[in-house]
Structures are given as structure tokens and as C-alpha cells.
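This report refers to the structure that appears directly beneath it.
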Amino acid sequence: MRWGNPGLLILLLLIPLYMVFIWVSARLQEKYFLRFADKRFFGYFLQEFSSFHWNLKNVILLAALFFMIIAAARPQWGKEMSIMKKEGLDIVVCVDVSKSMDAEDIKPSRIDRAKDQIARFVDKLKSDRVALIAFAGRSFVQCPLTDDYGALRMFLELLDTNTVPVYGTDIGEALTSANELFDQAQKYKVIVLISDGEDLEENAIKVAEDIGKQGVVIYTLGVGSQQGAPIMQSDEPGNRQYAKDEEGNIIQTRLDVRVLSRIAQTGNGRFYPVTPRQSEILEILSEIEQMEKKKFDSKEFEKYQDRYQYFVFAVIVLLVLEALIIARKKVKWIRNPEEVSR
């Protein structure tokens, strides 16, 4: 036998304390009586009191208390075999953290809006496993596949444009890193790419095509505006200024709809531009939910059966029985109390 809440067994110490309380109460009753009357009248005072029934009631209450504590500790015995199957998809979210994501054409900034979209996405998930990859000139697995959404949110909060110290934007490497996280035997795999689409290596479409042939579905979420915006950055003293090229011209960064659309198209998915409604990530989630779920993490384990119900039933019976017992007895009244002393 084992216990579900073994720590509660310490409450069994209440039983000897209750017994001491009963004994002390009986002694105090006699002591207080002797303050105003002679001891020989004590039997006359308690002539309607049944010591047997009173002791029986206390024994029943002690038994009820004992069974109540045992029930609270959740006794368990007897095993049954159970199979736990968890359904879900494997989803890898790739987030662009290159310096262009500091642009503020999407308020408060592209990177902040991207993180907000991911947070909304995670809040709606139920049993899917999710990984987080940050990429710029290189890609970095910020969080491996997990269904611990609390840990995922923690890693998400740490994301900024300094997460990957290598300058540039290599979407192709990010997609390759995402594909390597998947169990290749799984039928449905999803990549959600969040970027402004400026692929400086220009190999993303070819990589997306190769990954799409392996059954991976790629959704792209475009963050930014096609009109473009300068990139705000801070210099070493902490002064904020716009990023400039080698010739001293302010760099303009624009949302590349063409690249992101092609990546999604070759990856069997869809492209969504971020709008003020911020519902695009939920539309992606809606499409993901329509995919066939695959069972993973199936596990057989032994489970002990809770048996506290028997003890709860015993407590109820004992309390009803105790309530039916009256600690009084029928007596023939003594007309003259002085007869007690004879």
C-alpha cells in the first residue's frame, strides 16, 4: 500500500491528544464541582449521566477521526495499467533578429511586434510541441521542441536584435536548422517564419523547396511595411541614431513580400503580412489545427488505485452512530440527597 498525501499522516498525533483532552476534562469537572459541594454529592449530580455511553461516544469519535485522517492521506493499493497518449504537432518558430528588425515602421518595432505575435500564438496552443529559433547571419536554437509553454515564453522574452551577434540575414540556414529539429518519421511538421524578408544570402527559396518536398509546411509572417523605414540603433555612448551605409547614407529596410510569398508557396503554406489587427498568427494557428494530429510520447505506466472512499464511508457511518447514542440513563430520583452519604 502507498499514500497519495503521506504528509497528512502526522495528524494521527491528534488521537492521543484527544484522549488526553478527555481525561483532563473529566478531572477538571470533578475539581470544579468540589469548589461548591462536598464530594459525596458528586454521584448524585451525575446520576442521569451514563459513563458507559459517554465513553462509547468518545471511542466512536476517535475511530471516526482516525479514518478521516487515513482518507485524507489517500491510501492506494491495487495497480492498473494505463497508456498515456499525447496528441499534437511539432512546430518550429523562426524569428528574424537581424538589425533591420529594429525598424519602427510597425510600432513599437518589428522585433517587438514579432514577439507579440508569437506570444499570442503560444497562448492558444494546447498539446503541440514548439521550438524557437533566432536567426540573423547565423541561426541559434533558442528553445528546443517542448510543450512547456512557460519555459518557451521565458526564452521569448530574452529575444532581441543582439541575440545573434553575427550581422546579416540568412533565412535559408534558419529553415535548415528548423528542419533538423523534426522527427523525420512524423507526418506533419510546421515551420512558422517571422521576418521582414530581407534575405542577404538569397538561398531561402531553394531551401524551402527542398524542405517542402520532405512534407514540412512553411508559413511566413511578414513584419514591416513595403514603404520601408530607417533602422534606429544606439552607438557606444548610448546615443540613438539611424544606421548608415559605408557612404554615409541612411539605410532603408523594406518588407520583401516577394521572398516571403515564394518561401511559403514552395513550402506548401501561406504568407501573411502583419496588420494592425494582429490576427494573422491566429489564422496560421487555425490552419495548423486542421492538420491531422499525430500521437507522440505514448507511454504505458502502472497507476495505483485510490481507496479513500472506503474510509470516508466508515467516517460517515461512525458519525451517524455517534449522534444516535445519548449519554443519559433513566434513574430513580433520590428524594433526599443525604441518602447518598449513607
Side-chain angles (χ1 to χ4, degrees), residues 93-123 132-140 142 156-175 191-202 204-205 208 218-235 238-265 267 269-285:
V93 179
C94 298
V95 189
D96 188 347
V97 294
S98 60
K99 294 301 180 181
S100 63
M101 293 294 284
D102 280 329
E104 299 178 354
D105 49 351
I106 297 290
K107 299 297 182 182
S109 69
R110 294 180 183 179
I111 185 64
D112 288 331
R113 181 63 70 86
K115 291 169 64 174
D116 181 62
Q117 290 281 299
I118 299 171
R120 288 166 59 85
F121 181 71
V122 173
D123 287 341
L132 185 63
I133 290 180
F135 71 92
R138 291 288 184 269
S139 62
F140 173 74
Q142 184 83 350
L156 178 62
E157 287 296 322
L158 298 176
L159 276 184
D160 57 30
T161 55
N162 295 314
T163 300
V164 179
V166 181
Y167 288 98
T169 306
D170 192 344
I171 297 177
E173 181 178 324
L175 295 175
I191 295 176
V192 179
L193 174 68
I194 304 178
S195 173
D196 53 26
E198 290 189 334
D199 183 22
L200 302 183
E201 301 299 324
E202 299 182 349
I205 297 175
I218 304 174
Y219 293 96
T220 57
L221 191 64
V223 186
S225 65
Q226 297 185 57
Q227 293 76 23
I231 304 172
M232 183 66 69
Q233 62 181 14
S234 300
D235 56 17
N239 300 318
R240 288 176 59 81
Q241 58 183 8
Y242 291 120
K244 297 179 181 180
D245 58 21
E246 295 178 354
E247 299 177 357
N249 300 316
I250 296 177
I251 300 174
Q252 290 281 332
T253 173
R254 295 177 174 83
L255 173 65
D256 195 331
V257 175
R258 184 191 66 84
V259 170
L260 293 176
S261 297
R262 287 287 305 279
I263 291 173
Q265 182 181 2
R270 290 182 61 185
F271 162 70
Y272 293 87
V274 169
T275 65
R277 293 185 299 118
Q278 300 193 63
S279 61
E280 295 74 28
I281 198 71
L282 300 183
E283 294 178 25
I284 293 177
L285 180 61

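All values reported here derive from a predicted model rather than from experimental measurement.
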Atom of [X], atom of [Y] and distance for their closest heavy-atom approach:
X	Y	answer
Val95	Ala114	CG1-CB, 4.4 Å
Asp170	Gly137	CB-O, 3.8 Å
Thr220	Ala264	OG1-CB, 3.5 Å
Ser100	Thr253	CB-OG1, 3.5 Å
Phe271	Gly222	CE1-N, 3.6 Å
Ile171	Ser195	CD1-OG, 4.1 Å

Using modelled atom types and a 3.5 Å cut-off, is there a donor and acceptor pairing between side-chain atoms of [X] and backbone atoms of [Y]?
X	Y	value
Arg270	Tyr219	no
Glu173	Ser139	yes
Thr163	Leu159	no

Is there a side-chain contact between [X] and [Y] (heavy atoms, below 4.5 Å)?
X	Y	answer
Val97	Ile111	yes
Ile281	Val192	yes
Leu193	Phe135	yes
Leu175	Ile263	yes
Ile191	Cys94	yes

Atom [atom1] of [X] and atom [atom2] of [Y]: how far apart are they, to the nearest 0.5 Å?
X	Y	atom1	atom2	result
Leu260	Ile205	CG	CD1	9.5 Å
Gln226	Asp256	CD	CG	9.0 Å
Ile133	Ile194	CD1	CD1	12.5 Å
Thr161	Lys99	OG1	NZ	4.0 Å
Ile231	Ser109	CD1	OG	12.0 Å
Ile106	Gln117	CD1	CD	10.0 Å

Short side-chain donor-acceptor distance under 3.5 Å, Glu198 and Thr169:
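There is no such pair between these side chains.
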Which residue in the set Arg110, Gln252, Arg254 passes side-chain hydrogen bond (donor to acceptor under 3.5 Å, both in side chains) when paired with Asp105?
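Of the listed residues Arg110, Gln252, Arg254, the side-chain hydrogen bond (donor to acceptor under 3.5 Å, both in side chains) partner of Asp105 is Arg110.
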